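Scroll down for the structure; my scribbles are underneath it.
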Amino acid sequence: MDIIMECKNVTYSYPLTKKPAIKELNLKLERGKFYGVIGENGSGKTTLCAVLRGFAPSFYKGEIEGEVLVEGKKIGEYGGELAKKIGFVFQNPFTQISGVKDTVFEEVAYGLENFGVPAGEIERRVIDVMRMTDIEHLAEKSPFELSGGQMQRVALASVIVLEPDLLIIDEPTSQLDPEGTESVFAIIQKMKEKHKTIVLVEHKIDLIAEYADEVLVFKDGAMIASGDKKEILSDMSLLEQGAALPQVAILGRKLQEKGLPLSTIPVTEKQAVEVIAEALKERKR
Amino acid sequence: MEKSYIEKIQIHKTNKVAGLHPATKFLVVIMYTICTFVLSSVSLTKIDLPLLAIPWFLVVLLLCAASGALKKCLKALKAVVFIALIIFVVQTFLVPGGEVLVRFGILRICEKGLRTAVSLSFMILDIAGIFVWLFQTTENKEISRALEESGMNYKAAYVFTSTLQMINILSDNSKTIMNAQRARGVETEGNMFIRAKAFFPTLVPLVLGAVMGSEERVLTLEARGFSMQGEKTHLFNLEKSGAEGTFKAVSILITVLVVVGRIALWIL
Amino acid sequence: MPGGAGNETVKHFIKEEMPKGIPGCPKNVDKKEEIPKGIPGCPKCVDKKEEMRMEKKKYSIKEDFSMLALLIIPVGVAVNFVGGQLASLLKLPMYLDTIGTIFASMLCGPWVGAVTGALTNIVTGIANPVNFAFIPVNVLAGLVTGFLARGKMFSVWWKWILSMLIMAVVSIVSSAPIVVLVYGGVTGSGTSLITAAAMAAGANIWAAFFGTEGIFTVLDRIISFLICWAVIKVIPARTLVKFGCGSNYIKEK
């Protein structure tokens with residue numbers, strides 16, 4: 001198993017607080033896997049992202065115990081170089097702008113300029129990423145003229161262009177309309193196809209069910225469950241813990257209880273249609 | 001073939017004066033300012049007026065015209081001219097001292113008043129004028145890049161550039177907030193107290209939003225490798241118009257002549 | 001709260017040195033009152049006084065300019081700019097164009113405040129170079145406010161009033177020579193016309209300037225400060241601790 005990142009018994013508290021925001025976290029992230037993070041508000045999902053990116057405690061201050069390792073090395077030892085390893089995208093599309101660039105092209109190129117990549121290579125890489133994220137038509141616009149959805153795609157592009165091994169994405173669509181959400185997930189899908197390691201925090205459980213390989217469930221700062229998405233998302237006991245589960249999974253379980261012989265609990269709509277249709281066919285016979 | 005994006009963000013100027021490298025322009029500004037001080041110290045006419053500062057202003061106009069930006073510069077000069085004019089009028093009529101030259105009713109013009117009026121107002125007009133030329137013919141992006149080129153720390157250069165953008169953003173935001181507050185019934189007309197009170201519901205949310213935004217901006221910048229050590233690439237680069245040498249030589253030559261002339265006047 | 005800006009590194013230092021597993025040793029130094037006294041072997045309990053003395057010395061200019069402070073500078077400059085715009089839009093007889101400088105100084109200390117002040121006049125000087133002459137005034141405003149903030153001079157009402165007066169006096173005293181000597185007392189703004197009128201009525205140029213500028217400058221500082229205070233009050237404590245002087249404004253619970 002190729003482990004890209006590991007948390008060893010990590011407990012973190014923000015300054016001025018007594019209660020830790022992350023409690024005794026043990027987590028191994030396998031290279032190339034897609035991790036969906038779920039849990040109610042205030043359960044520590046965003047803090048998890050900050051810890052995994054090293055912003056907690058380096059920026060947020062506070063106290064951390066335990067170890068966070070990136071490819072076996074302590075995260076604190078990377079310093080500014082961490083930007084090469086880990087990409088970070090968060091909720092608010094409007095603050096994810098460098099604030100010094102006049103066009104979307106320059107905005108996306110900003111990170112590569114900081115990396116000292118030669119100009120010709122920057123041009124090529126930025127164009128590729130702009131095509132992939134469907135923002136090439138915005139290339140010469142000012143980043144401040146864009147809609148939320150467009151801006152979030154620019155934010156994603158600006159990070160993807162750096163080609164990090166691990167992408168941490170914290171509720172990228174919570175401030176977007178359905179159309180914007182769809183366009184952002186189209187990009188995430190492409191990153192999945194490229195076998196990037198992805199950690200995605202997302203409230204929209206159906207999207208997690210569709211894209212994730214593994215699901216991590218948080219409650220009050222503790223990871224209460226983790227594992228294969230089919231297993232986790234069909235575990236009805238998590239409902240009592242306040243976690244949201246896909247509607248189709250709940251429906252599946254209810255149908256099973258009513259006596260419909262489902263072969264498995266579906267977690268996505270597509271699976272639900274297949275499984276239920278199969279069960280109904282079975283019944284008719 | 002279509003132009004590359006990097007090509008598109010460059011600034012090409014056909015005008016040789018406007019297209020001067022910002023560092024050369026800055027040298028011209030410094031030399032001009034030195035000359036202004038020297039020239040203002042030369043007193044002419046029998047009441048000792050520093051009249052040389054007046055024709056010296058023509059150099060500013062000449063530079064603006066040669067840069068093909070006379071209209072733009074005149075527009076920016078308006079504010080400066082207004083201030084100079086007020087200073088001129090106030091000083092002329094209000095400062096007592098020396099012989100009374102002219103008298104209209106209660107107003108009188110004294111020798112000393114006229115002298116300070118001419119020297120102050122034209123000194124301001126000249127020095128502010130040459131800066132107007134510099135800034136009206138140089139884009140902000142060029143100034144930022146020139147600062148970095150001159151060895152300024154990348155963090156300081158970031159602060160400068162980001163400030164220029166932030167002003168536009170916050171100005172726009174303040175208008176939005178003010179309109180929203182008006183719609184909610186915050187009064188912006190009336191006596192001074194009412195108007196002063198309207199200040200709060202606009203500025204407080206504005207500043208708060210900007211501070212919270214800065215916090216996230218730190219994360220954004222770190223994620224984009226802002227504190228990465230080592231040489232950075234610059235996609236935007238300054239160009240030279242080719243007339244740099246001439247301008248440097250001429251401005252230095254004129255300054256030397258002016259200084260030498262002034263010293264000669266002293267001695268003779 | 002006694003934990004000033006500088007104790008972050010001190011804390012880290014102590015944390016690393018701290019032997020693990022001493023029973024009863026508190027994890028959080030911020031909560032002084034909860035620290036049980038005299039637990040043997042716990043370094044945090046031993047040198048509280050020592051630690052506070054170290055804090056006093058521990059203001060370094062380099063640390064003042066953290067990433068967050070760097071980003072507050074543009075905000076401060078823009079707030080100065082917008083404040084000035086808004087004041088003239090509302091036809092107030094004050095400039096109100098140092099709010100951002102005061103804000104930056106209150107949160108990040110004197111040096112960041114001074115840079116904010118200087119940059120304000122440099123940037124507005126691009127449009128109107130006359131503003132260059134007033135750079136020292138704004139730099140001083142930042143420095144004075146910053147040192148007052150570090151000295152916790154905004155904590156009690158009487159200190160607060162004293163601070164207002166100090167800020168106003170510094171502003172007038174530093175701008176007076178510039179206005180009088182460079183501009184002959186009149187800069188062309190609303191208040192300077194009153195100065196001109198007073199001069200016409202026979203008042204001394206310095207007296208005219210101090211009289212009219214004085215009242216409005218004090219008012220200006222009070223309004224500016226109230227705005228900064230109102231903002232700082234609503235910034236969450238979690239954010240405040242990240243600023244150099246931020247912990248001065250966090251109420252003890």
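Note that the structure is predicted; figures quoted are calculated from it, not measured. Order of the sequence lines fixes the chain letters, A, B, ..., with proteins taken first and strands second; residue numbering starts at 1 for each chain.
- Interface remark: Lys242(C) contributes side-chain atoms only to the contact with chain B (heavy atom separation under 4.5 Å).
- Put simply, of Lys175(B), Met192(B), Glu222(B), Lys155(B), the one with the most heavy-atom pairs under 4.5 Å next to chain C is Met192(B).
- Residue Met123(B): no heavy atom, backbone or side chain, is found under 4.5 Å from chain C.
- Among the candidates Ala198(B), Ala84(B), Ser162(B), Ala128(B), the residue making the largest number of heavy-atom pairs closer than 4.5 Å to chain C is Ala128(B).
- Counting only heavy atoms from C-beta outward, the side chains of Leu238(B) and Glu142(B) approach each other to under 4.5 Å.
- Proximity to chain B is limited to the side chain of Leu119(C), based on heavy atoms less than 4.5 angstrom apart.
- Among the candidates Asn128(C), Val130(C), Val77(C), Leu86(C), the residue making the largest number of heavy-atom pairs closer than 4.5 Å to chain B is Leu86(C).
- In terms of non-hydrogen atom pairs under 4.5 Å with chain C, the most contact-rich of Ala79(B), Ser174(B), Ser171(B) is Ser171(B).
- The cationic atom of Lys232(B) (NZ for Lys, CZ for Arg) lies less than 6.0 Å from the six-membered ring centre of Phe226(B) and within 45° of the ring axis.
- For Leu164(B), the part sitting under 4.5 Å from any heavy atom of chain C is the side chain, from C-beta outward, and nothing else.
- Summarising the geometry, atom CG belonging to Asp97(C) is positioned 7.0 Å from atom CG belonging to Asp220(C); distances are rounded to the nearest 0.5 Å.
- Comparing Leu68(C), Ile73(C), Val79(C) by how many heavy-atom pairs each has under 4.5 Å with chain B, the most go to Leu68(C).
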### Task
Go through Phe225(C) and Trp160(C) one step at a time and tell me if the ring-ring contact (aromatic ring centres under 6.0 Å, His included) criterion holds.
CA-CA 10 Å; Phe225(C) 176 82; Trp160(C) 185 86; 5.3 Å; yes
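- When the candidates Val82(C), Leu96(C), Ile227(C) are compared by the number of heavy-atom contacts under 4.5 Å with chain B, Ile227(C) comes out ahead.
- Heavy-atom distances place no part of Thr116(B) under 4.5 Å from chain C, backbone and side chain included.
- Asp48(B) CG to Glu111(B) CD: the interatomic distance, rounded to the nearest 0.5 Å, is 7.5 Å.
- Using a 4.5 Å cut-off between heavy atoms, Ala133(C) does not touch chain B at all.
- If you measure heavy-atom distances from Val123(C) to chain B, the contacts under 4.5 Å come from the side chain alone.
- Between Arg150(C) and Asp64(C) there is a salt bridge, since a side-chain N of the basic residue sits under 4.0 Å from a carboxylate O of the acidic one.
- Between Phe88(B) and Phe122(B), the two ring planes are perpendicular [angle over 60°; tilted spans 30° to 60°].
- The candidate with the highest count of non-hydrogen atom pairs below 4.5 Å against chain C, out of Asn140(B), Leu170(B), Asn168(B), Leu221(B), is Leu170(B).
- Contacts with chain C were tallied for Leu206(B), Thr161(B), Thr163(B); Thr163(B) has the most, counting heavy-atom pairs under 4.5 Å.
- If you measure heavy-atom distances from Phe65(C) to chain B, you find no contacts under 4.5 Å at all.
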### Message
Before you tell me yes or no, could you show the steps for Phe26(B) and Ile30(B) under side-chain contact (heavy atoms from CB on, under 4.5 Å), namely the whole-Å CA-CA distance, both residues' side-chain angles and the distance that decides it to 0.1 Å?
### Response
CA-CA 6 Å; Phe26(B) 191 65; Ile30(B) 298 290; 3.8 Å; yes
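- Evaluated for a side chain to side chain donor-acceptor pair (under 3.5 Å) with Asn121(C), the options Asn131(C), Asn138(C), Thr101(C), Asn80(C) yield exactly one hit, Asn138(C).
- Atom NZ of Lys197(B) has 12 or fewer neighbouring heavy atoms from other residues, nucleotides or ligands inside a 6.0 Å radius.
- Taking Leu219(C), Leu226(C), Leu107(C) one by one and counting their heavy-atom pairs under 4.5 Å with chain B, the maximum is reached by Leu226(C).
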### Verdict with reasoning, Thr202(B) to Gln181(B), per side-chain hydrogen bond (donor to acceptor under 3.5 Å, both in side chains)
CA-CA 7 Å; Thr202(B) 311; Gln181(B) 299 290 23; 5.9 Å; no
